[in-house]
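Notes follow once the structure below has been shown.
Note that ligands are numbered from 1 as they come in the structure, with each ligand's atoms numbered from 1 the same way.
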Amino acid sequence: KKERTLGIIKPDVCDKFSQILEAIYDRGFKVTKMKMCQLSRSEAGQFYQEHQAKSFYNGLIQFMSSGPVIAFELIGEGAILNWRALIGPTDSATARSEAPASLRARFGTDNTRNACHGSDSEQSATREIEFFFPSKGVKRRSTAT
Ligand code: CMP
């Protein structure tokens, strides 16, 4: 099933942008929207609202607002799971042992500085795409659907 998902290149690896984009195209995803921006603490908090109660929340918000991120919409067959497979397990150390070719294994540092984000369901993909690329109530023709 053709799906759309939201990906983020996190502040720790924006300089690896070209290698990450190459991996994305090599896996056959279509990149249909993309932007670079720096999130405020409150925007990062809103984006990660479902993790508010977690012990790692403050560190996550601090990190995600510490520098620019690159957010993009990907479209492809099974894009949600396929993008998460390409980025690998959350903890970069686990990624290095279990999925050495994954983006977190290649570029991540640890559990927080883990290179990339991917939506975990259709519902979060919709919310997260709208967060970075608001439709503002205007009907726009989207690319590649
Ligand atoms: P991400 O895929 O962006 O979704 C939530 C983020 O929280 C995750 O990547 C990590 O950056 C962070 N995270 C998840 N679990 C932990 C953890 N146990 N310790 C620290 N950070 C975590």
| How long is the span from the NZ atom in Lys10 to the CE atom in Met64, to the nearest 0.5 Å? | 5.0 Å
| message | Donor-acceptor pair, distance only, cut-off 3.5 Å: does the side chain of Arg4 make one with the backbone of Ile80? | response | no
| query | Which of the numbered atoms in ligand 1 are below 4.0 angstrom from a heavy atom of His117? | reply | 1 (P), 2 (O), 3 (O), 4 (O)
| said: Just to confirm my output: which protein heavy-atom neighbour is closest to atom 11 (O) of ligand 1, and how far is it? | reply: Lys10 NZ, 3.1 Å
| query | Is Glu22 salt-bridged to Lys16, cutoff N-O under 4.0 Å? | reply | no
| request: Measure across Asn114 and Asp12 and return the closest heavy-atom pair with its distance rounded to 0.1 Å. | output: N-OD2, 3.8 Å
| Any salt bridge between Arg127 and Glu50, counting N to O under 4.0 Å? | yes
| said: Hydrophobic clustering (ILVMFWY, side-chain heavy atoms < 4.5 Å, transitive) - are Met36 and Leu103 grouped together? | reply: yes
| message | So, regarding Tyr48 and ligand 1 (criterion: nitrogen or oxygen to nitrogen or oxygen, under 3.5 Å), is there a contact or not? | response | yes
| remark: In this structure, atom 8 (C) of ligand 1 is nearest to the protein heavy atom Asn114 ND2, 3.7 Å
| Which ligand 1 atoms does His51 reach within 4.0 Å, using its non-hydrogen atoms? | 5 (C)
| Min heavy-atom dist Arg84 to ligand 1 below 4.0 Å | no
| said: Any heavy atom of Met64 closer to ligand 1 than 4.0 angstrom? | reply: no
| request: Would you mind listing which atoms of ligand 1 come within a distance below 4.0 Å of any non-hydrogen atom of Leu60? | output: 6 (C), 7 (O), 11 (O), 12 (C)
| said: For atom 21 (N) of ligand 1, what's the nearest protein heavy-atom neighbour? Residue, atom name and distance, please. | reply: Thr112 OG1, 3.2 Å
| task | Enumerate the atoms of ligand 1 whose separation from the nearest heavy atom of Arg104 is less than 4.0 angstrom. | result | 1 (P), 2 (O), 9 (O)
| said: Are Phe132 and Phe47 an aromatic pair, judged by ring center distance below 6.0 Å? | reply: yes
| request: Around atom 16 (C) of ligand 1, find the nearest protein heavy atom and jot down its residue, atom name and distance. | output: Phe56 CD2, 3.4 Å
| Can a donor-acceptor pair be found between the side chains of Glu130 and Ser135 at a distance below 3.5 Å? | yes
| message | At less than 4.0 angstrom from any non-hydrogen atom of Asn111, what atoms of ligand 1 do you find? | response | 10 (C), 11 (O), 12 (C), 13 (N), 16 (C), 17 (C), 18 (N), 19 (N), 20 (C), 21 (N), 22 (C)
